[in-house]
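Computation of the quantities below employed the complete heavy-atom set of this structure, encompassing side-chain atoms and omitting hydrogens, waters and symmetry-equivalent molecules. Count residues from 1 along the sequence.
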Amino acid sequence: MGMTEAFRDHLAKAALGEAVTDYDSANARLGVGDSNTAFSAGQTDLQAATNKLRRPMEATYPQRSGNIMTFRSLFGTGEANFAWQEWAVFNAAAAGTMMCRKVESLGTKTSAQSWQFTATITINAG
C-alpha cells in the first residue's frame, strides 16, 4: 500500500510543530470505494466517482503498538453496498489528508450485511 505525498507533507509539518489534523478517534476515517484505478502518490482521495464512503472509527480506535497503527470502522447495512475495490485512511469526514490508499478487491457488500473493516498500517524506517 502506498503512502501519499500529502501524508508525507503532513508528517513533515507535524515534526516541525506546525498545525495538522491528527488521525485520532475524533478525526480518523476508513474509506472504501469501487475504483480499481492504480495507486499514485499524488492522489488525495478515493478514485471512485460515486460509490465511495468514509466511516469514523469504532470505540477505542485507532490504536498504536510501537510502529503499528490499527484503524477499525463499521459499515452498516445501508452503507457502502457496492464492490469494494479500494480503501484508504483519512483524517477527516471529507477532504482532509489521505494517509494511504490500497487497490484491493475485498468483495461486494450488500444491504443484508454489516462489515467491520480493520486496516493495519506499519511505519518502517530505513
### Summary
What one should report as the nearest heavy-atom pair of Arg72 and Thr118 is NE-OG1, 2.8 Å

### Query
Of the non-hydrogen atoms in Thr37 and Val103, which two are nearest, and what is the gap between them?
O-CG2, 3.1 Å

### Message
Please evaluate residues Met57 and Leu30 with respect to the criterion side chain to side chain contact (heavy atoms under 4.5 Å, CB included), reporting the C-alpha separation (whole Å), side-chain torsions for both, the decisive distance (0.1 Å), and the verdict.
### Response
CA-CA 7 Å; Met57 295 292 99; Leu30 283 174; 3.9 Å; yes

### Query
Any side-chain heavy atom of Met69 within less than 4.5 Å of one from Pro62?
no

### Query
Does some side-chain heavy atom of Phe75 sit less than 4.5 Å from a side-chain heavy atom of Asn81?
no

### Query
So, does Lys109 use its side chain to make a donor-acceptor pair with the main chain of Gly76 at under 3.5 Å?
yes

### Task
Can you sort out the partners of Leu106 under side chain to side chain contact (heavy atoms under 4.5 Å, CB included), two or more places apart, ordered by chain and number?
Trp84, Trp87, Glu104, Phe117

### Query
Hey, does the side chain of Asp34 reach the backbone of Ala48 with a donor-acceptor pair shorter than 3.5 angstrom?
no

### Task
Could you tell me whether Arg8 atom CZ has more than 12 heavy atoms of other residues or ligands within 6.0 Å of it?
yes

### Query
Transitively linked via ILVMFWY side-chain contacts under 4.5 Å: Val89 with Ile123?
yes

### Task
Please report the shortest heavy-atom distance between Glu79 and Leu53, naming the atom on each side.
CB-CD2, 3.6 Å

### Message
I'd like to check Ile121 versus Lys102 (side-chain heavy atoms, cut-off strictly below 4.5 Å). Are they in contact?
### Response
no

### Message
Give me the atom names and distance for the closest heavy-atom approach of Arg101 to Ser35.
### Response
NH2-O, 4.0 Å

### Query
Under a 4.5 Å cut-off applied to non-hydrogen side-chain atoms, are Asn124 and Asn67 in contact?
yes

### Query
Are Met99 and Ile68 linked, directly or through other ILVMFWY residues, by side chains that come within less than 4.5 angstrom of each other?
no

### Query
When clusters are formed by joining ILVMFWY residues with side-chain heavy atoms under 4.5 Å apart, either directly or through shared neighbours, do Leu74 and Tyr61 land in the same one?
no

### Message
Please tell me whether Phe71 and Met3 are part of a single hydrophobic cluster in this structure, the criterion being side-chain heavy atoms less than 4.5 Å apart.
### Response
yes

### Query
Taking atom types as modelled and ignoring hydrogens, do the side chains of Glu86 and Gln47 form a donor-acceptor contact shorter than 3.5 angstrom?
no

### Message
Working to the nearest 0.5 angstrom, can you tell me the gap between Asn27 CG and Asn91 CG?
### Response
6.5 Å

### Query
Is the backbone N or O of Gln85 less than 3.5 Å from a side-chain atom of Asn36, with the two atoms forming a donor-acceptor pair by type?
no

### Query
For the residue pair Gln43 and Met98, what are the closest heavy atoms and their distance?
O-CE, 3.5 Å

#### Entry: Phe39-Phe90 co-clustered via ILVMFWY side chain contacts under 4.5 Å
no

## Note on the structure
In terms of heavy-atom contacts, Gly31 and Leu46 come closest through C-CD1, 3.7 Å

